Amino acid sequence: MTDILQDFQSIIQKGRRILFFTGAGVSTLSGIPDFRSANGLYNQHHYSLSPEEMLSHEFFEQHPAEFFDFYKETFDVRQYQPNIVHTTISALEKAGKCLGVITQNIDGLHTKAGSQNVIEYHGTVYKNSCPEHGALFSADDVFDCEGIPRCPHCGKIIRPEVTLYGETPYRHVDATHLVEDCDVFVVLGTSLKVYPAANFVRYLDLDTQKLVIVNREETQYDRLATLCIHEDLQTVFESL
Ligand SMILES: [Zn+2]
């Protein structure tokens with residue numbers, strides 16, 4: 001094992017209030033494509049819009065039919081299963097070493113892996129509701145319906161509880177409290193470019209809290225990190 005992986009192992013072993021922050025790289029390890037590189041046929045043939053534009057609050061409001069075509073094609077993640085990162089985080093939580101996980105991913109895989117304290121910062125495809133009277137709907141209700149999913153009681157368009165571009169993430173205050181409370185903050189599979197999540201690193205007191213970054217590419221916060229690993233997540237987690 002290389003020195004850097006031994007350092008990682010040592011930090012995780014010594015950690016008592018570890019907090020994980022996970023991004024797209026953790027989902028791609030389960031085989032889920034990163035939607036930002038989504039190059040769906042639908043989009044190529046019908047629009048010249050970026051995925052970010054098609055997943056914006058404005059597009060949802062103005063073009064719901066097209067929004068849901070793209071949403072269903074891009075985010076139907078029901079078939080995917082947790083990987084070694086999800087299961088390790090869940091096991092560390094059960095062992096009482098981990099405060100929980102903040103995730104930017106909307107695929108629900110941390111919950112599927114058994115993690116209890118999961119802040120789904122950008123929401124999850126598994127929660128959907130009627131904006132009129134709050135009735136709840138499953139992912140099946142949304143992904144398996146024809147066209148626009150509508151509330152059977154009032155006919156309003158069902159809203160997936162995921163953060164669209166131009167909207168505020170969920171549970172930001174809870175997330176910042178966890179960040180302030182952890183002894184090790186472990187960033188996994190995100191380049192820390194999306195705000196306000198990227199700011200979590202700034203809430204750390206680096207004199208008393210450790211920052212670990214595991215990401216393929218460099219990030220703007222690498223220079224602040226106690227440990228920074230540019231390896232794939234599978235290799236890193238197999239070393240634990
Ligand atoms: Zn309704």
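Ligands are counted one by one from 1 in listed order, and the atoms in each one are counted from 1 as well. Note that this is a predicted model, so its numbers are computed, not measured.
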So, Glu93 and Ser90: side-chain donor and acceptor under 3.5 Å apart, yes or no?
no

Answer yes if the ring centres of Phe59 and His63 are under 6.0 angstrom apart, and no otherwise.
yes

In terms of heavy-atom contacts, does NZ of Lys94 have more than 12 from other residues, nucleotides or ligands at under 6.0 Å?
yes

Which of parallel (below 30°), tilted (30 to 60°) and perpendicular (above 60°) describes Phe68 and Tyr71?
perpendicular

Exercise: identify the closest heavy-atom pair between Ser30 and Asn83:
OG-ND2, 2.9 Å

Protein N, O or S within less than 2.8 Å of the Zn ion (ligand 1), waters excluded:
Cys130 SG, His133 ND1, Cys151 SG, Cys154 SG

For Leu178, what are the other residues in its hydrophobic cluster, where any two members join if their side-chain heavy atoms are less than 4.5 angstrom apart?
Leu19, Phe21, Leu99, Ile102, Ile119, Tyr121, Val179, Phe185, Val187, Leu192, Tyr195, Phe200, Val201, Tyr203, Leu204, Leu206, Leu211, Ile213, Tyr221, Leu224

